[in-house]
Asks: 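Questions regarding the structure given below will be posed in turn.
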Amino acid sequence: MLERRSSHDDLIDHLVRSTALQRGEAARVVLDVLAYFDESTDDFVRRRHRELQAGGLVNTEIFERIAAELPHRAVAPPELSLRQLRRIVYG
């Protein structure tokens, strides 16, 4: 019977060869990175708002920073206005 390999085994193998990570650690890193990039725009905006608010920033600074960060996501969403960002957070 053939051993079934996941679709990310080549990447995991590469990380094991090129870093000090063990195979299980490398697999967790790959899954964490994939989950990070799988986050929807709305979830990203809400998460960053919470993080920046906890860091002591006020909404004016928070929404400007989020607007500046969004174009740098792996798959950038369409440009959102500050008003649209507020609506994502506050409904």
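In this chain, numbering begins with 1 at the start of the sequence shown. Since we're looking at a predicted model, the values are computed, not measured. Below, each value reflects all heavy atoms present in this structure, side chains not excepted, and no hydrogens, waters or symmetry copies.
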Asks: Quick one: are His14 and Thr19 in side-chain contact, heavy atoms under 4.5 Å?
Replies: no
Asks: Examine distances only and state if a side-chain atom of Arg46 and a backbone atom of Ile88 form a donor-acceptor pair shorter than 3.5 Å.
Replies: yes
Asks: Above 12 or not: heavy atoms from other molecules or residues under 6.0 Å from CZ of Arg87?
Replies: no
Asks: With a 4.5 Å cut-off on side-chain heavy-atom distances among I, L, V, M, F, W and Y, is there a chain of contacts connecting Leu57 to Leu82?
Replies: yes
Asks: Give the minimum heavy-atom separation between Phe63 and Leu85, together with the two atoms involved.
Replies: O-CD1, 3.5 Å
Asks: Can you see which heavy atom on Arg23 is nearest to which on Asp9, and at what distance?
Replies: NH2-OD1, 3.2 Å
Asks: Taking side chain as C-beta onward, heavy atoms only, is Val89 less than 4.5 Å from Asn59?
Replies: no
Asks: Is it true that, when you exclude Glu69 itself, more than 12 heavy atoms of the residues, nucleotides or ligands shown sit nearer than 6.0 Å to its CD?
Replies: yes
Asks: Heavy atoms only: give me the nearest Ile66-Leu52 pair and the separation to one decimal.
Replies: CG1-CD1, 4.1 Å
Asks: Is there a path of hydrophobic side-chain contacts, each under 4.5 Å between heavy atoms of I/L/V/M/F/W/Y residues, joining Phe37 to Val29?
Replies: yes
Asks: Ignoring hydrogens and angles, tell me if any N or O in the side chain of Glu61 forms a donor-acceptor pair with the backbone of Val58 under 3.5 Å.
Replies: yes
Asks: Can you name the nearest heavy-atom pair linking Gln53 to Tyr90, along with the distance?
Replies: NE2-OH, 4.3 Å
Asks: For a quick test of reading the model, state the closest non-hydrogen atom pair linking Gln84 to Glu79 and the distance between them.
Replies: OE1-O, 4.0 Å
Asks: Is it possible for you to say whether Leu15 and Leu34 belong to one hydrophobic cluster, with membership spreading through side-chain heavy-atom contacts below 4.5 Å?
Replies: yes
Asks: What closest approach, in Å, do Val30 and His8 show between heavy atoms, and which atom pair accounts for it?
Replies: CG1-CB, 4.0 Å
